[in-house]
Amino acid sequence: MRQKVRQIVDATLHALKARGDIAFDIIPPYAVELPKNLEHGDWACNVAMVMSKAVGRKPTELADALIANLVDPHSVVVSVERAGPGFLNFRLADVVFQRVVSEVLAAGVQFGRRPPRSTGRKVMVEFVSANPTGPVHIGHARGAFMGDAIARLLDAAGHDVTREFYINDYGKQVETLGRTVHKRYRELFGEAVTLAEGEYPAEYVIDIAKTWRAEVGDTYLRRPEAEWLPAAIEVGTRENLKAIKATLAKANISHDVFFSEASLHASGAVRSIVDVYKARGVTYEAAEGRRKDNKEKVRDADSKAAQYADRQLGGTFLMTATWQDEKGKTPLKDEEDRIILRADGTPVYLTADLAYHKAKFDRGFDLCVDVFGADHAGHVPRIQSGMHLLGIDPKMLEFVLVQLVRITRGGEEVKVSKRKGTLFELADLIDEAGADVCRFIFLMKTRDAQFDFDLDAVTRQSKDNPVFSFQYGHARCASILKKAVEKGMPFVGAAAVTDAHLARLVLPEEKMMLKKISQLPDVVASAADRLEPHHVLYFCQELIGDFHAYYTQYRTDPIIGDDPVKTQGRLALVAALKQTLQCAFRILGIEAPEHMEAPADEG
RNA sequence: GCGCCCGUAGCUCAGCUGGAUAGAGCAUCGGCCUUCUAAGCCGAGGGUCGUGGGUUCGAGUCCCGCCGGGCGCGCCA
């Protein structure tokens, strides 16, 4: 529907240009939007204001010229008025609204989506990427749901999407896991053990040790560390990954690829990227990294940097901050060059991550989206710089940083600490609140907003739980269609709906819903573009609110009424709405229930 | 100290990349079930969009300064 208005505006502009009334090269982007105020018509357009400077005419004059010369061969427009500072307020013919029903029903589950893989763009979304040293906990939840929804959204927008999980199965942390597993393993054979600082005290490690014992018996009790450690790491990461995958499945989250960091070391990719950088002349050997602004490091004495200063022995640095382009400018955003090889020649985490991102682009992705928690924000400019230094267009790499979430229960913050073993697992949260509720709460917010996740409100299963009335909108559609069958007036179906049926959709509430329904493709496209799933959620919320109001207001003139033609028209609207919600829910990853039972009244 | 993010109704948050009278949910108060599920609807109250400047036809939205909160600033991953 919006497109029809656009076509008319574009055609009119070109007609005015052809007549020599105005001159322009290209039509700048302008908005065709739903006005909040019904008096402002069905659709409002700001093109006259946007273009007024370019064509050297006052907005109001340009608006008048457009109105006077409107190109509308199919009589889509009933009226158009100039209002305010130069808005064009369009009213469209009822039939344009009614046609939305047919369009939705014809599109079916594809409504709102572009054809699969139709954009020709290969996109990767990397998300969760929780360390395989423990289960997925509540701190991962937001990024997990966000990443999954972004992947669904990009898929709906017609891109070829790969969902990936990067496994940090290399380095000190998994080594610590291996040592903890081995200690717990020895403990199972009666040995008294004490965990060292930094080792993982939580129970799941004991479970892993039990699994290990069941598999290998006492094999690794008296072997040298060089033998038991790799085996302990293997079983530890494997079992943790198994648990991680089980939790994600519970959350309706899936990945296509689990990519191992260790494999990058094994294949030599980590070594080779250092050579690539050296060949490009963007590295140097030094005792410490150069800083962009030449200022001294000013940090708190108890900062980690100061704390670990004695371990910083120099090595090979990558010019993530101080690299200069041909013009002598330093366009990279990092504030300090980063080490990629320690003094002893071993690579650091960043080196592997750079190799990983290079590998992504080598695999042919046009866009890589990384979903990180805000606590990894410092990592972003290094990877960006590193890719820039490989000659990769920075636009091909996007970071979605989700802010941290404060979990509260009984008004108090729930502290989570892997070190202390006080984990709050995502699996437990889902058991307690339900996958859809969790997902909904996390997706309701923009990624930049910090927020408090109130466990009491969510687990109470009461009406302050937003997802229920939301899903009830879909269930109500389903229920009405079912009721129509029971009453002997079943919906004739998408193929049999006639213009005569749809012509009975003339109520302002019906037209409003149809207007909004017609917007789903736009909402999806724009949300995908911005990597912001919450727009789809708020779209649903508005539509559902309209529907509940419509339903209640016309209880005395019900959808299933005495007039069979009108009934069919309204059932078609309900079917189209149900289809719209189903499509939108799928993009969000929320279930669209056919039926919901009202809870028993309390008190 | 430096960098990034946030500050909008009592609470939790939207606000479609600068548009018309700033919205939703929850909470509070008052109404609506012999009808297609009341997990719903209608109505009311509730705002100096943290603050002070600037940019322009027009600012919650863009720029600068301040105030308040969060996160980060490791040769851990």
Side-chain angles (χ1 to χ4, degrees), chain A residues 31 33-37 40 44 46 49 52 58-59 83-87 131 133 168 170-174 198 261 288-289 293 295 297-300 303-309 311-315 333 335-336 338-344 346 348-350 352-353 373-381 401 403-404 406 441 444-446 448-452 454 457 461-466 468-473 475-476 479-484 486-487 522-523 526-527 530 534-535 537-539 541-542 545 548-549 551-553 555-556 558-561 574 595-599:
Chain A
E33 51 194 3
L34 290 182
K36 289 165 223 162
N37 191 332
H40 295 146
N46 67 352
M49 281 126 73
S52 91
K58 282 185 185 168
F87 285 101
N131 276 346
T133 53
N168 299 130
Y170 182 93
K172 210 167 277 181
Q173 293 189 6
V174 285
E261 180 188 358
E288 63 179 37
D293 50 14
K295 277 187 238 165
K297 280 189 201 179
V298 182
R299 285 172 177 158
D300 297 336
S303 81
K304 287 174 188 165
Q307 207 173 320
Y308 293 96
R311 298 187 200 169
Q312 302 181 4
L313 304 170
K333 290 194 180 115
E335 46 190 36
E336 180 181 344
R338 303 291 163 181
I339 195 159
I340 52 172
L341 284 184
R342 298 185 182 98
D344 64 3
T346 57
V348 299
Y349 175 77
L350 174 65
D353 215 6
D375 52 340
H376 285 70
H379 204 53
V380 170
L401 293 176
Q403 291 295 315
L404 301 187
R406 228 174 112 238
I441 304 263
M444 259 180 16
K445 280 82 178 173
T446 58
D448 289 333
Q450 303 159 207
F451 72 99
D452 293 351
D454 184 357
Q461 296 262 327
S462 65
K463 43 193 310 190
D464 52 345
N465 198 327
F468 287 122
S469 78
F470 199 88
Q471 292 184 315
Y472 180 48
R476 177 167 260 177
S479 166
I480 289 168
L481 291 169
K482 213 178 298 164
K483 199 73 177 184
E486 286 168 20
K487 289 194 172 181
D522 294 324
V523 171
S526 130
R530 302 167 55 173
H534 73 275
H535 295 295
L537 191 151
Y538 282 95
F539 166 85
Q541 183 167 287
E542 259 190 59
H548 284 314
Y551 173 93
T552 308
Q553 188 176 339
R555 293 186 76 150
T556 50
I559 292 165
I560 306 164
V574 172
H595 180 76
M596 286 174 82
E597 209 54 65

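Computed from heavy atoms alone, side chains included, the values below leave out hydrogens, waters and symmetry copies. Chain identifiers are assigned alphabetically (A, B, ...) following the order of the sequence lines, protein sequences preceding nucleic acid strands; residue numbering begins at 1 within each chain.
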For the atom pair CD (A/Gln541) and NE2 (A/His534), what is the distance rounded to the nearest 0.5 Å?
11.5 Å

I'd like to check the salt bridge (charged side-chain N to carboxylate O under 4.0 Å, His left out) partners of A/Arg530; sequence neighbours left out, ordered by chain and number.
A/Glu532

At under 4.0 Å, does any side-chain N or O of A/Arg338 touch on OP1 or OP2 of B/G74?
no

What is the distance, rounded to the nearest whole Å, between atom CD of A/Gln173 and atom P of B/A77?
7 Å

Separation of the C1' atoms in B/U21 and B/C66, to the nearest angstrom
32 Å

Which part of the nucleic acid, if any, lies within contact of A/Ile339, taking any heavy atom under 4.0 Å across all strands shown: a base, the sugar-phosphate backbone alone, or nothing?
base

Output the single nucleotide from B/U37, B/C41, B/G19 whose closest atom is nearest the side chain of A/Asn46.
B/G19

When you compare B/C36 with B/C29, how far apart are their C1' atoms, in angstrom units rounded to a whole number?
30 Å

For atom P, what is the distance between B/C33 and B/G47, given to the nearest Å?
32 Å

Please round to the nearest 0.5 Å and tell me the distance separating atom OG of A/Ser479 and atom OH of A/Tyr551.
7.0 Å

Length of the CG-P vector between A/Leu350 and B/G72, whole Å:
18 Å

A/Ile560 CD1 to B/U35 C1': how many Å, rounded?
11 Å

A/Met49 CE to B/A20 P, in whole Å, measures 9 Å

Select one nucleotide: of B/G70, B/A77, B/U37, the one nearest the side-chain heavy atoms of A/Gln403.
B/G70

If you only use heavy atoms from C-beta on, which nucleotide in B/C76, B/C41, B/A20 is closest to the side chain of A/Arg342?
B/C76

Kindly give the heavy-atom pair with the smallest separation between A/Thr346 and A/Asp344, and that separation in Å.
OG1-OD1, 2.7 Å

What's the closest nucleotide to the side chain of A/Arg476 if the choices are B/C71, B/U37, B/G3?
B/U37

Phosphate contact (B/C32 OP1 or OP2) by A/Arg555 side-chain N/O below 4.0 Å:
no

In terms of ring plane angle, is the pair A/His548 and A/Tyr472 parallel, tilted or perpendicular, where the classes change at 30° and 60°?
parallel

B/G70 and B/G60: how far apart are their P atoms, nearest whole angstrom?
28 Å

Is any side-chain N or O of A/Gln553 under 3.5 Å from a base N or O of B/C41, one able to act as donor and the other as acceptor?
no

Length of the CZ-P vector between A/Phe468 and B/C26, whole Å:
13 Å

What's the separation between atom OG in A/Ser469 and atom CE in A/Met596, rounded to the nearest 0.5 Å?
8.5 Å

Students often get this wrong, so: under 4.0 angstrom with heavy atoms, is A/Ala352 touching a base, only sugar-phosphate, or nothing?
nothing

Expected label for B/U34 (glycosidic angle, syn inside 90° of 0, else anti) would be anti

Residue A/Thr552, side-chain heavy atoms: nucleotide from B/G74, B/G40, B/A38 that is nearest:
B/G40

Base, sugar-phosphate alone, or nothing: which one does A/Asn37 contact when heavy atoms must sit under 4.0 Å apart?
base

Would you indicate which nucleotide in B/G74, B/C71, B/A77 comes nearest to any side-chain atom of A/His376?
B/A77

Can you give me the closest heavy-atom contact between A/Val174 and A/Gly171, atom names plus distance?
CG2-O, 3.3 Å

Mind checking the C1' distance from B/A22 to B/C63? Whole angstroms is fine.
23 Å

Heavy atoms under 4.0 Å, any strand shown: does A/Ser469 hit a base, just sugar-phosphate, or nothing?
sugar-phosphate

Rounded to whole Å, how long is the line connecting atom OH of A/Tyr551 with atom C1' of B/C42?
16 Å

Heavy atoms under 4.0 Å, any strand shown: does A/Glu486 hit a base, just sugar-phosphate, or nothing?
nothing

Quick one: which of B/C71, B/A77, B/A24 gets closest to the side chain of A/Asp375?
B/C71

Can you tell me, in whole Å, how much space there is between the P of B/G68 and that of B/G10?
22 Å

Within the 4.5 Å heavy-atom criterion, are A/Arg338 and A/Val348 side-chain neighbours or not?
no

In whole angstroms, how far is the P atom of B/C4 from the NE2 atom of A/His379?
19 Å

Applying salt bridge (charged side-chain N to carboxylate O under 4.0 Å, His left out), name anything that partners A/Asp522, two or more places apart in sequence or on another chain.
A/Arg2

Polar-atom pairs under 3.5 Å, protein N or O versus N or O of nucleotides 67-69 of chain B: list them with distances, or write none.
residue, atom, partner, partner atom, Å
B/G69, N2, A/Gln450, OE1, 2.9

Kindly point out which of B/C41, B/U37, B/G19 is positioned nearest to the side chain of A/Ala549?
B/C41

Closest to the A/Tyr349 side chain: B/A20, B/C71, B/A77?
B/A77

What would the secondary structure line of RNA chain B be in dot-bracket form, counting Watson-Crick and G-U wobble pairs under 3.5 Å, with [ ] for pairs that cross earlier ones and | for pairs with another strand?
(((((((..((((.....[...)))).(((((.......))))).....(((((..]....))))))))))))....

Please work out if A/Ala484 contacts a base, only the sugar-phosphate, or nothing of the nucleic acid, heavy-atom cut-off 4.0 Å.
nothing

Any chance you could measure A/Gln403, atom CD, to A/Asp375, atom CG, to the nearest 0.5 Å?
9.5 Å

Spacing of A/Gln312 atom CD relative to B/C76 atom C1', expressed in whole Å
12 Å

Among residues at least two apart in sequence or on other chains, which ones pass salt bridge (charged side-chain N to carboxylate O under 4.0 Å, His left out) with A/Lys445?
none

What's the spacing between A/Lys482 NZ and A/Ile480 CD1 if we round to 0.5 Å?
11.5 Å

Distances under 3.5 Å between nitrogen or oxygen atoms of protein and nucleotides 14-16 of chain B:
residue, atom, partner, partner atom, Å
B/A14, OP1, A/Thr446, N, 2.4
B/A14, OP1, A/Thr446, OG1, 2.5
B/A14, O3', A/His534, NE2, 3.3
B/G15, OP1, A/His534, NE2, 2.7

Syn or anti for B/C33, please, going by whether the chi angle lies within 90° of 0.
syn

Rounded C1' spacing from B/A20 to B/A59 in Å:
14 Å

About how many Å separate CG of A/Asn131 and CD of A/Gln173, when rounded to the nearest 0.5 Å?
4.5 Å

A/Lys487 has its side chain closest, among B/C36, B/G3, B/A77, to B/C36

Base, sugar-phosphate, or nothing: which does A/Ala31 touch, judged by heavy atoms less than 4.0 Å apart?
nothing

Of all heavy-atom pairs linking A/Leu313 and A/Ala343, the shortest is O-CB, 3.8 Å

May I ask you to decide if A/Met444's main-chain N or O and A/Tyr538's side chain share a donor-acceptor pair within less than 3.5 Å?
yes

What integer number of Å spans the P atoms of B/A38 and B/C42?
14 Å

